[in-house]
Amino acid sequence: QVQLVESGGGLVQAGGSLRLSCAASTSSLSFDAMGWSRQAPGKQRELVASITSAGSTNYADSVKGRFTISRDNAKNTVYLQMNSLKPEDTAVYYCNTARTAVHFKLGFYDLWGQGTQVTVSS
């Protein structure tokens, strides 16, 4: 059974940056798609970003140009670099895996990380 461990959340001022990490207990190459979703209180879950084993990336329009997802196969870890953070980015961020990029986009996740809180103050 694969486990996902997230880290890197915290409190940051608007315009600042954070980097989230998600480490898998086995090689991330075991999954076609891996990335993050987020959910703020009172709002529906939003698909943030994903990356495939081949390195293809997909971003939500709301974060495109500000967030960058990357993958370190040697460390079995996926990163989400979040720049120019806005208060509306405040949410619990979940690392997820899915069979394909399409499954990820649809929210058909196989695994969830424990979630990490990102809070952006104004």
Side-chain angles (χ1 to χ4, degrees):
Q1 183 176 353
V2 177
Q3 294 182 328
L4 304 176
V5 180
E6 300 181 47
S7 62
L11 175 64
V12 66
Q13 292 185 351
S17 299
L18 287 172
R19 188 179 73 164
L20 305 183
S21 299
C22 177
S25 61
T26 190
S27 174
S28 59
L29 295 175
S30 298
F31 310 101
D32 281 346
M34 191 170 178
W36 275 267
S37 62
R38 67 185 182 185
Q39 188 164 30
K43 298 191 67 177
Q44 63 185 4
R45 189 185 69 244
E46 180 181 16
L47 311 177
V48 178
S50 67
I51 187 167
T52 69
S53 60
S56 297
T57 58
N58 189 42
Y59 298 93
D61 289 340
S62 60
V63 306
K64 200 168 188 176
R66 299 187 297 118
F67 291 10
T68 302
I69 190 169
S70 60
R71 190 164 180 161
D72 186 335
N73 292 329
K75 296 182 178 180
N76 302 141
T77 301
V78 174
Y79 304 95
L80 185 67
Q81 179 66 45
M82 305 185 294
N83 298 326
S84 301
L85 283 162
K86 304 174 181 179
E88 50 262 45
D89 294 318
T90 296
V92 177
Y93 285 68
Y94 295 95
C95 180
N96 305 110
T97 65
R99 286 182 289 173
T100 68
V102 172
H103 285 89
F104 194 100
K105 183 178 181 179
L106 294 172
F108 296 157
Y109 307 129
D110 294 321
L111 295 173
W112 293 72
Q114 80 277 12
T116 185
Q117 176 71 46
V118 171
T119 302
V120 184
S121 65
S122 59

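Each residue takes its place number in the sequence, starting with 1.
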For residues [X] and [Y], report the shortest heavy-atom separation together with the two atoms involved.
| X | Y | value |
| --- | --- | --- |
| P87 | S122 | CG-CB, 4.0 Å |
| F104 | A98 | N-CB, 3.6 Å |
| E6 | T116 | OE1-CG2, 3.6 Å |
| S37 | L47 | CB-CD2, 4.2 Å |
| T77 | S21 | CG2-CB, 4.2 Å |

Could you check whether any side-chain heavy atom of V118 comes within less than 4.5 Å of a side-chain heavy atom of R38, counting everything from C-beta outward?
no
About how many Å separate [atom2] of [Y] and [atom1] of [X], when rounded to the nearest 0.5 Å?
| X | Y | atom1 | atom2 | result |
| --- | --- | --- | --- | --- |
| M82 | L18 | CE | CG | 4.5 Å |
| N96 | C22 | CG | SG | 8.0 Å |
| T97 | H103 | OG1 | NE2 | 11.5 Å |

Hydrophobic clustering (ILVMFWY, side-chain heavy atoms < 4.5 Å, transitive) - are [Y] and [X] grouped together?
| X | Y | answer |
| --- | --- | --- |
| V120 | L80 | yes |
| Y94 | L111 | no |
| I51 | L4 | yes |
| M34 | Y59 | yes |
| V63 | W36 | yes |

Donor-acceptor pair, side chain of Q39 and main chain of V92, under 3.5 angstrom
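No: the side chain of Q39 does not pair with the backbone of V92.
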Tell me if a side-chain donor or acceptor on Y109 pairs with a main-chain N or O of C95 at a distance below 3.5 Å.
no
Between the side chains of Q117 and T119, is a donor N or O closer than 3.5 angstrom to an acceptor N or O?
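Looking only at side-chain atoms, T119 and Q117 do form a donor-acceptor pair, the distance falling under 3.5 Å.
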Looking only at side-chain N and O atoms, does T52 offer a donor or acceptor that is under 3.5 Å from a partner on D32?
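Checked: D32/T52 side chains show no N/O donor-acceptor pair below 3.5 Å.
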F67 vs Y93 aromatic rings, parallel, tilted or perpendicular, using cut-offs 30° and 60°?
tilted
Is it true that, when you exclude R45 itself, more than 12 heavy atoms of the residues, nucleotides or ligands shown sit nearer than 6.0 Å to its CZ?
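Enclosed: over 12 neighbouring heavy atoms sit under 6.0 Å from CZ of R45.
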